[in-house]
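Input: a single structure, listed below in C-alpha cells.
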Amino acid sequence: MQASRARLFKEFKEVQRERSADPDIQLVCDDSNIFKWTALIKGPSETPYEGGVFQLAFAVPEQYPLQPPQVRFLTKIFHPNVHFKTGEICLDILKNAWSPAWTLQSVCRAIIALMAHPEPDSPLNCDSGNLLRSGDVRGYQSMARMYTRLAAMPKKG
C-alpha cells in the first residue's frame with residue numbers, strides 16, 4: 001500500500017506541474033483520500049462529443065499500479081463501450097491489457113481516444129453498438145450528440 005501511495009503522490013505532483021500541458025484533461029485528487037480521483041475530459045473534436053465536458057470517477061486499488069484503477073463516467077454518454085446506466089467503461093487497458101506504465105493521465109487520454117474511435121463489436125451499450133454495426137452512423141451520431149448536449153454541455157441562462 002505504501003508503494004501505491006508513493007506512486008499516486010508522484011502522479012499528483014506531475015498533474016500539478018503539467019496542468020497547462022494537456023488542456024483536455026483536468027485530473028483532481030480527493031482532498032481526504034488519495035485513492036479517489038475525478039477527471040474532467042473534453043469531448044474530442046470532430047466527434048458527436050465535441051463541446052462536451054465529461055466527468056470520470058477513479059477508484060484506485062491499494063495494489064496500484066500493479067492493478068488498474070476502476071474508472072467510470074459520471075456524465076451520461078451514448079457510446080457503445082460505456083454502460084449507459086452505470087458509466088462502466090469497456091477498455092482493454094482497464095482490464096487484461098493493464099500495465100504499471102500507465103498513469104491516471106494516460107488512462108484519460110485512452111478514454112478520449114476511445115470516444116473518438118468506438119469499438120462496436122464489444123458493446124456495453126447495445127443500442128449504440130447496434131446502430132454502428134448496422135451501418136447507421138448518422139443515427140448513432142445524432143443520439144450521441146443529443147446526449148452530449150443534454151448531459152455534458154453547460155446550460156445557457
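Hydrogens, waters and symmetry mates are skipped; everything else that's a heavy atom, side chains included, is used.
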Can you name the one residue among V71, V28, L104, V107 that meets side chain to side chain contact (heavy atoms under 4.5 Å, CB included) with W37?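 That would be L104.
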Closest non-hydrogen atom pair between [X] and [Y], with its separation:
{"X": "S142", "Y": "G139", "result": "OG-O, 3.1 Å"}
{"X": "P120", "Y": "P80", "result": "CA-CB, 4.2 Å"}
{"X": "Q105", "Y": "I25", "result": "O-CD1, 3.9 Å"}
{"X": "I89", "Y": "K95", "result": "O-NZ, 3.2 Å"}
{"X": "Y140", "Y": "P118", "result": "OH-CG, 3.7 Å"}
{"X": "Q55", "Y": "T75", "result": "N-OG1, 2.7 Å"}

In this structure, are over 12 heavy atoms from other groups packed under 6.0 Å from [X] atom [atom1]?
{"X": "Q70", "atom1": "CD", "result": "no"}
{"X": "F12", "atom1": "CZ", "result": "no"}
{"X": "Q16", "atom1": "CD", "result": "yes"}
{"X": "N33", "atom1": "CG", "result": "yes"}

Judged by atom type as modelled, is there a donor-acceptor pair below 3.5 Å linking the side chain of [X] to the main-chain atoms of [Y]?
{"X": "T148", "Y": "P48", "value": "yes"}
{"X": "S4", "Y": "E62", "value": "yes"}
{"X": "H83", "Y": "R72", "value": "no"}
{"X": "T47", "Y": "A116", "value": "no"}
{"X": "S134", "Y": "N130", "value": "yes"}

Under 30°, 30 to 60°, or over 60°: which ring-plane class applies to F78 and Y147, parallel, tilted or perpendicular? parallel
For the pair W98 and Y64, name the ring-plane relationship: parallel under 30°, tilted 30 to 60°, perpendicular over 60°.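 Judged by the thresholds at 30° and 60°, the geometry between W98 and Y64 is tilted.
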The test is side-chain contact (heavy atoms from CB on, under 4.5 Å); show your working for D127 and M143 and say whether it passes. CA-CA 10 Å; D127 293 336; M143 288 291 289; over 6 Å; no
Following the transitive rule for hydrophobic clusters with a side-chain heavy-atom cut-off under 4.5 Å over Ile, Leu, Val, Met, Phe, Trp and Tyr, establish whether [X] and [Y] coincide in one cluster.
{"X": "M115", "Y": "M146", "answer": "yes"}
{"X": "I77", "Y": "V137", "answer": "yes"}
{"X": "W102", "Y": "L66", "answer": "no"}
{"X": "Y49", "Y": "L124", "answer": "no"}

[X] [atom1] to [Y] [atom2] distance, which is reported to the nearest 0.5 Å:
{"X": "D22", "Y": "I112", "atom1": "CG", "atom2": "CD1", "result": "6.5 Å"}
{"X": "L40", "Y": "L56", "atom1": "CG", "atom2": "CG", "result": "8.0 Å"}
{"X": "N81", "Y": "I111", "atom1": "CG", "atom2": "CD1", "result": "11.0 Å"}
{"X": "K76", "Y": "L150", "atom1": "NZ", "atom2": "CG", "result": "12.0 Å"}
{"X": "H79", "Y": "C90", "atom1": "NE2", "atom2": "SG", "result": "10.5 Å"}
{"X": "F73", "Y": "F84", "atom1": "CZ", "atom2": "CZ", "result": "12.5 Å"}

Is the closest side-chain heavy-atom distance between C108 and F58 below 4.5 Å?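 Sidechains of F58 and C108: in contact.
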